[in-house]
2 protein chains.
Amino acid sequence: MAESLLDIAEVAERSGLAPSALRFYENRGLIASAGRNGLRRTYRPEVLDRLALIACARGAGFTIAEIARFLLATPDDTKLRAHMAEKARALEEDIARLTRMRDGLRHASTCMHEPLVECPDFKHSFRRSAALTEPSPGR
Amino acid sequence: MAESLLDIAEVAERSGLAPSALRFYENRGLIASAGRNGLRRTYRPEVLDRLALIACARGAGFTIAEIARFLLATPDDTKLRAHMAEKARALEEDIARLTRMRDGLRHASTCMHEPLVECPDFKHSFRRSAALTEPSPGR
DNA sequence: CCTTGACTTGAACCGCGCTTCAAGTCACAG
DNA sequence: CTGTGACTTGAAGCGCGGTTCAAGTCAAGG
């Protein structure tokens, strides 16, 4: 079984993350090492799934601290579920915003208008977006 | 006409941004003040549209520097258009990623599975997402 | 004239997510 | 036993997007 443990360098390579990032995640509680081989951390292969999860969550705008909370939450945690559902809702809004933004850019990239930035359609999509975005001061 | 100029405090209030942020944007070239009333910056009302645009772009993940480039680009700029189209494509990917994330979270929030994090469906959606996310090292 | 109070400036600081660095420690080869 | 070289640590540094701060300046009011 010790055979199946991965060296930190290997995990780094396979996950595409820097070793420093792995150590960073470890001391933030996002992942755990299985033990040491001398000084070297060794990881169970499942850590790769973890890392994929983390990368994805990061990409979706979750902070490290949030991810840690998710991962450390007590198992049968109803708060966790609520939190997840809440996040799903938030993502819904993000998606809508990005979609509008994408449409605005698409239009802008083909619209002839003299300052491009003044194109009414273009401005319009931002206006709408802004109205929905404003209430959220954070970020 | 001077009547229609807005004081920085007014712009701050209407846009929901801190005055410090307005000054920050100004010295990054994102907005321009119309002049001064004593020491006080005054802005043309159109700056509010600008700010809405900026807020939206920020929300869509553009950096301040990127936005500045967009806004300062020479008008009939074909590179600008190409850049925009490119960004639109990138947003498409982000949207797809967020959508998968949202679905993953939705599932997770109702799925009974003992470490929640180990739910196969849940993991699966991250796996797929990760595969598409990995090539992009930045961010 | 002097105060008040909102603005001005540049510079320092903050939180985030890491990376980089100096200094130390280990396994293994020769 | 001595390198070598990849790891270890904690601390410092970085880029981003601002905020905060000390010190200065102005217009208006008393």
Side-chain angles (χ1 to χ4, degrees), chain A residues 2-3 5-43 47 50-71 133-134 136-139, chain B residues 2-3 5-43 47 50-71 133-134 136-139:
Chain A
E3 288 299 286
L5 293 179
L6 305 173
D7 185 279
I8 186 173
E10 206 166 347
V11 173
E13 187 184 354
R14 288 216 218 168
S15 68
L17 294 167
S20 61
L22 296 177
R23 286 191 291 267
F24 179 72
Y25 285 174
E26 186 168 335
N27 88 26
R28 286 296 196 279
L30 301 196
I31 58 175
S33 50
R36 300 291 178 111
N37 175 13
L39 279 187
R40 293 174 195 179
R41 283 165 175 77
T42 52
Y43 293 97
V47 84
R50 246 314 149 104
L51 291 171
L53 170 79
I54 293 167
C56 182
R58 290 270 311 111
F62 292 83
T63 68
I64 294 290
E66 275 174 333
I67 298 170
R69 261 175 271 136
F70 270 72
L71 295 178
T133 304
E134 252 179 274
S136 149
R139 175 158 195 173
Chain B
E3 288 298 287
L5 294 178
L6 305 174
D7 186 280
I8 187 174
E10 206 165 347
V11 174
E13 188 183 355
R14 287 214 219 169
S15 68
L17 293 168
S20 63
L22 296 177
R23 286 192 290 269
F24 179 72
Y25 286 173
E26 187 168 333
N27 88 27
R28 287 295 196 279
L30 301 196
I31 58 176
S33 50
R36 301 290 179 112
N37 176 13
L39 279 187
R40 293 172 195 179
R41 283 166 176 79
T42 52
Y43 294 97
V47 84
R50 231 340 133 99
L51 291 171
L53 171 79
I54 293 167
C56 182
R58 290 271 310 112
F62 291 83
T63 67
I64 293 290
E66 275 174 333
I67 297 169
R69 260 176 272 138
F70 269 72
L71 295 177
T133 303
E134 249 178 276
S136 149
R139 175 160 195 171

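Note: hydrogens, waters and symmetry copies are ignored here, and every other heavy atom, side chains too, is used. Lettering follows sequence order; numbering is per chain, from 1.
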**OP:** Output, in order, the C-alpha distance, side-chain angles, deciding distance and verdict of side-chain contact (heavy atoms from CB on, under 4.5 Å) for L51(A) and L22(A).
**Re:** CA-CA 9 Å; L51(A) 291 171; L22(A) 296 177; 3.7 Å; yes
**OP:** For the pair R28(B) and I67(B), evaluate side-chain contact (heavy atoms from CB on, under 4.5 Å) and give the outcome as yes or no after the intermediate values.
**Re:** CA-CA 10 Å; R28(B) 287 295 196 279; I67(B) 297 169; over 6 Å; no
Original post:
Over how many whole Å does the gap from R28(B) atom CZ to dG17(D) atom P extend?
Top reply: 8 Å
Please table the atom pairs, donor to acceptor, closer than 3.5 Å between any side-chain atom in residues 30-42 of chain A and protein atoms at least two apart or in another chain.
| from | atom 1 | to | atom 2 | distance (Å) |
| --- | --- | --- | --- | --- |
| S33(A) | OG | E26(A) | OE2 | 2.8 |
| R36(A) | NH1 | L39(A) | O | 2.9 |
| R41(A) | NE | E26(A) | OE1 | 2.9 |
| T42(A) | OG1 | G35(A) | O | 3.2 |

Original post:
Between dT8(C), dG17(C), dT20(D), which nucleotide has the shortest distance from any of its atoms to the side chain of S20(B)?
Top reply: dT20(D)
Listed pairs, N/O of protein and of nucleotides 25-30 of chain D, under 3.5 Å:
none

Original post:
Is there a side-chain polar atom (N or O) of Y25(B) under 4.0 Å from OP1 or OP2 of dG18(D)?
Top reply: yes
Subject >> Interatomic distance where CG belongs to D7(A) and C1' belongs to dC28(C) [whole Å] >> reply: 14 Å
**OP:** First locate atom CZ of R69(B), then atom OG1 of T63(B), and finally report the distance between them rounded to the nearest 0.5 Å.
**Re:** 6.0 Å
Subject >> Short side-chain N/O contact from R41(A) to OP1 or OP2 of dA6(D), under 4.0 Å >> reply: no
Original post:
Rounded to the nearest Å, what distance is computed from the CG atom of residue L22(B) to the C1' atom of nucleotide dA6(C)?
Top reply: 15 Å
Subject >> Euclidean distance, atom CZ of residue R58(B) to atom C1' of dG17(D) [Å, nearest integer] >> reply: 6 Å
Original post:
What's the spacing between R23(B) CZ and I8(B) CD1 if we round to 0.5 Å?
Top reply: 5.0 Å
**OP:** Using atom CD1 of I31(A) as one end and atom P of dG17(C) as the other, report the distance to the nearest whole Å.
**Re:** 15 Å
Original post:
dT9(D) C1' sits how many Å from R36(A) CZ, rounded?
Top reply: 9 Å
Subject >> Rounded distance (Å) that lies between atom C1' of dT20(C) and atom CG of L17(A) >> reply: 17 Å
**OP:** Grab the CD-P distance between E26(A) and dT8(D) for me, whole Å please.
**Re:** 9 Å
**OP:** Taking all non-hydrogen atoms of both residues into account, name the closest pair between A18(A) and A12(A) and its distance.
**Re:** C-CB, 4.4 Å
Original post:
Got a second to check how far I54(A)'s CD1 is from L17(A)'s CG, nearest 0.5 Å?
Top reply: 8.5 Å
Original post:
Below 4.0 angstrom from OP1 or OP2 of dG17(C), is there any side-chain N or O of R23(A)?
Top reply: no
Original post:
Taking five pairs at each end of the helix from dC1(C)-dG30(D) to dG30(C)-dC1(D), what angle separates the two helix axes (nearest 10°)?
Top reply: 30°
Subject >> Value rounded to 0.5 Å, distance of CZ in R50(A) from OH in Y43(A) >> reply: 12.5 Å
**OP:** Please determine, for the side chain of A18(A), which listed nucleotide (dT9(D), dT19(C), dG17(C)) has the closest atom?
**Re:** dT19(C)
